[in-house]
There are 2 protein chains.
Amino acid sequence: MKPKGFQELQEAFKDQGMRLTYQRKVILDILRGTKSHPSAEMVYASAKRRIPNVSLGTVYRNLNVLKGCGMIQELDFGSSVSRYDANTSHHYHVRCIRCDKVEDVDLSTVAGLDRQVEDCMGYRAVTHRVEFQGVCPECWKG
Amino acid sequence: MKPKGFQELQEAFKDQGMRLTYQRKVILDILRGTKSHPSAEMVYASAKRRIPNVSLGTVYRNLNVLKGCGMIQELDFGSSVSRYDANTSHHYHVRCIRCDKVEDVDLSTVAGLDRQVEDCMGYRAVTHRVEFQGVCPECWKG
DNA sequence: TTATGTGCAAAATATTTGCTTTCCG
DNA sequence: CGGAAAGCAAATATTTTGCACATAA
């Protein structure tokens, strides 16, 4: 379901009339290879090491494309910058309010909440997102 | 606890070395008088009806001041604009992905979640925020 | 009186877009 | 070859800030 090889990846894009460019692959690889939930700027910095003349616009465009394909998800935290995650399963995040680190929360997503909102508010196709924030161990120990 | 009269409001600000200006009061009144969770622009538009030459900068500055005093809270949704709420109790929100309306969710906040994250992740002073999103009745009926 | 706040405009931040050139398929 | 994508820069959108003047206490 999550294509790994170049071949499968290429096909996955082709089905949607899109190409697998080198830039696109690098950006996806970066996200798949980290758990740090990087921002667009961070992805850009990382991509630049492999493609020195890559542009920030290309990074943003590809992040949006990958999001559109459901290959990555965008995390919108209180902070003004979006962060991206190649783990598209429904899981929660904690953000440290001091160092701005974002980590996955190992907590089973609270089941049935979406359904409750659909029932009591009359909404449809409801999803939800939970963001925890606090001070991480490194920050409060140091 | 939530000062209403001019007198008490004035004192509440004074304690923090702040003044109760007309602009500040109008902005707070606007937020206290609506359940629509307006954005800064919306507050600005509303304030302008009462203070024709009020500036957007003043609105932003006061929203931040009021937030700092804990008199209002800022809601950061996936969308790129912040919205503001004079109801500072811990409650959840739903946003309609079609018309962008934001409503309170009548659901008791899931207790104990913050504590669980503190225990299993080692964080401190954890709070959380839940945002539901879906299609509101008006949008899917129409 | 005087420090805090306002209005205005310019700056800062984050992201998107137009256009020409490049390159995937 | 033809259309999708890249690179670059200019444009947007939202929020913040510097400064001279006004005002609450």
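Note on naming: letters A, B, ... go to the chains in the order of the sequence lines (proteins, then strands), and numbering restarts at 1 for each one.
Of the side-chain N and O atoms in Asn64(B), none sit less than 4.0 angstrom from OP1 or OP2 of dT15(D). Distances shown here put a side-chain N or O of Ser82(B) below 4.0 Å from the OP1 or OP2 atom of dT15(D). In terms of phosphate contacts, Tyr60(B) brings no side-chain nitrogen or oxygen within less than 4.0 Å of OP1 or OP2 of dT16(D).
One N or O on the side chain of Trp140(B) and one on the backbone of Gly122(A) form a donor-acceptor pair closer than 3.5 Å. Arg83(B) contributes no side-chain N or O that, together with a main-chain N or O of Leu75(B), makes up a donor-acceptor pair within less than 3.5 Å. When atom types are taken as modelled, the side chain of His93(A) and the backbone of Val102(A) share no donor-acceptor pair closer than 3.5 angstrom.
Taken from OG1 in Thr58(A) to CD1 in Ile51(A), the straight-line distance is 8.5 Å, to the nearest 0.5 Å. Atom-to-atom distance recorded for Tyr60(B):OH and Ile27(B):CD1 is 11.5 Å, nearest 0.5 angstrom. Here the CG atom belonging to Leu56(A) is positioned 8.5 Å from the NZ atom belonging to Lys48(A), to the nearest 0.5 angstrom. Taken to the nearest 0.5 Å, the CZ atom of Arg95(B) stands 13.0 Å off from the CD atom of Glu103(B).
With the end axes of the helix from dT1(C)-dA25(D) to dG25(C)-dC1(D) each set by five pairs, the angle from one to the other reads 40° at 10° resolution.
Nucleotide dT6(C) holds its P atom 11 Å from the CG atom of Leu63(B), rounded to whole Å. The interatomic distance linking Tyr44(B) (OH) with dT14(D) (P) rounds to 14 Å, in whole Å. Per the geometry, CG belonging to Asn62(A) stands 14 Å off C1' belonging to dC23(C), to the nearest Å. Rounded to an integer number of Å, the gap from CG of Asp76(A) to C1' of dA14(C) is 12 Å. One can place CE of Met42(A) at 11 Å from P of dA14(C), the figure rounded to the nearest angstrom. With rounding to whole Å, Gln23(B) atom CD is found 11 Å from dC8(C) atom P. Note: CD (Glu11(A)) to C1' (dC24(C)) measures 15 Å, nearest angstrom. Glu41(A) places its CD atom 14 Å from the C1' atom of dT16(C), with the value rounded to the nearest Å.
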Can you build the contact string for nucleotides 18-25 of chain D? Use B for base contact, S for sugar-phosphate-only contact, and - for no protein heavy atom under 4.0 Å. B----BBS
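Annotation: cation-pi geometry not satisfied between Arg19(A) and Phe13(A) (NZ/CZ under 6.0 angstrom from ring centroid, within 45° of ring axis).
Taking a cutoff of 4.0 Å between a charged side-chain nitrogen and a carboxylate oxygen, Glu138(A) and Lys101(A) qualify as a salt bridge.
Counting heavy atoms from C-beta outward, Tyr92(A) and Asp104(A) have side chains that stay 4.5 Å or more apart. Proximity of Arg24(A) to Thr21(A): side-chain heavy atoms (C-beta onward) are separated by under 4.5 Å at one or more points.
Only Asn53(B), Val54(B), Ser55(B), listed by number, bring a heavy atom of residues 46-57 of chain B to less than 4.0 angstrom from any atom of DNA chain C.
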